[in-house]
Amino acid sequence: MIKTYKLIVLLLFFGCQFSIAQDKTPIILKTPTDWRYEKIDLPLDFAPSIKYKNGFEELRFAPGMFDTKAEKYFSYAFVIAINDNVTLPKRKAKQLLYKYYRGLCYAVANSKKMAIDTSKIKIDLKRQKKANYTGTVVYFDTFNSGEELLLNIDLDVVKNKKTNTSYIIGLVSPKSKKEAVWSELYAIRNSLDLTGK
């Protein structure tokens with residue numbers, strides 16, 4: 001069970017207005033600077049069933065991320081840096097995303113005494129050329145009223161053999177891939193130089 005102080009950190013991390021110190025120096029996601037930056041160390045408190053221990057996650061939230069009426073609502077990029085050689089066949093990629101989103105949904109809903117059936121969270125992934133996977137996540141926006149939300153997602157895995165680090169890169173938005181926000185998300189991914197070559 002997530003301890004109270006850890007839950008407070010989690011809520012701060014996802015946009016609630018508590019005031020405690022955090023590391024604000026981007027290591028990987030250095031841009032866009034007008035997208036809110038956050039960093040959290042592994043293991044992820046809200047998803048303890050994800051077994052990665054050594055590393056961190058960085059995120060960039062689009063302006064209006066938590067505003068349901070905003071043009072870039074729930075649009076963000078994340079990179080999970082893991083100090084290990086990680087492979088993600090389709091089954092493991094789906095499991096990772098399911099544990100991540102179910103844990104997040106449960107933690108935030110529980111903090112707000114909101115009843116959400118997290119078993120309804122669904123992950124659908126397909127292999128594609130521009131990313132390792134593309135697909136959708138059936139999620140519930142517990143940061144607002146708990147409404148069901150269909151998220152489009154691209155998921156990549158990049159490895160740096162020199163440092164033995166694996167990077168899981170995610171681009172997420174409920175918007176169609178034809179919308180302008182995806183050009184911004186792809187620009188974030190394309191700006192990353194993680195292979196060490």
Discussion item. Can you confirm whether Leu42 sits close enough to Ile50 that some side-chain heavy atom of one is under 4.5 Å from a side-chain heavy atom of the other?
Written reply: no
Worksheet, complete the sentence: When every non-hydrogen atom of Ser75 is compared with those of Ser173, the smallest separation belongs to OG-OG, 2.7 Å
Item to complete: Heavy atoms only: give me the nearest Val86-Ser166 pair and the separation to one decimal.
Response: N-OG, 2.8 Å
If you round to the nearest 0.5 Å, how far is [atom2] of [Y] from [atom1] of [X]?
X	Y	atom1	atom2	answer
Leu29	Leu59	CG	CG	7.5 Å
Ile123	Tyr101	CD1	OH	7.5 Å
Trp35	Ile188	CH2	CD1	4.0 Å
Lys51	Lys53	NZ	NZ	5.5 Å

Worksheet item: Taking only residues at least two apart or on different chains, which pairs with a member in residues 136-147 satisfy side chain to side chain donor-acceptor pair (under 3.5 Å)?
Response: Tyr73-Asp141, Tyr73-Glu147, Asp141-Asn144, Ser145-Glu147
Please answer whether the main-chain N or O of [Y] pairs with a side-chain N or O of [X] as donor and acceptor at a distance below 3.5 Å.
X	Y	result
Thr134	Lys126	no
Asp156	Ile169	no
Lys175	Lys72	no

Discussion item. For Glu38 and Tyr76, which I'm curious about, is there any donor-acceptor pair between the side chains at under 3.5 Å?
Written reply: no
Worksheet item: Can you find a side-chain donor-acceptor pair between Arg127 and Tyr133 that sits under 3.5 Å?
Response: yes
Worksheet item: Which one of Tyr100, Tyr106, Tyr98 satisfies the side chain to side chain donor-acceptor pair (under 3.5 Å) criterion with Arg102?
Response: Tyr98
Practice prompt. Please say which of Arg60, Lys30, Glu58 ends up in a side chain to side chain donor-acceptor pair (under 3.5 Å) with Tyr37.
Written response: Glu58
Worksheet item: Should the ring pair Phe143 and Phe74 be called parallel, tilted or perpendicular, given that the plane angle runs from 0 to 90° and is split at 30 and 60?
Response: tilted
Item to complete: Please identify each residue that fulfils salt bridge (Lys or Arg N to Asp or Glu O under 4.0 Å) with Lys177, with sequence neighbours left out.
Response: Asp154
Worksheet entry | In one Ile/Leu/Val/Met/Phe/Trp/Tyr side-chain cluster, 4.5 Å: Ile27, Leu194 | yes
Discussion item. Is there a continuous path of hydrophobic side-chain contacts, each under 4.5 Å between heavy atoms, that joins Ile121 to Met114?
Written reply: yes
Discussion item. Please enumerate all residues that pass ring pair (Phe, Tyr, Trp, His ring centres under 6.0 Å) together with Trp182, with sequence neighbours excluded.
Written reply: Tyr186
Discussion item. Other residues, nucleotides and ligands only: do more than 12 of their heavy atoms fall within 6.0 Å of NZ on Lys120?
Written reply: no
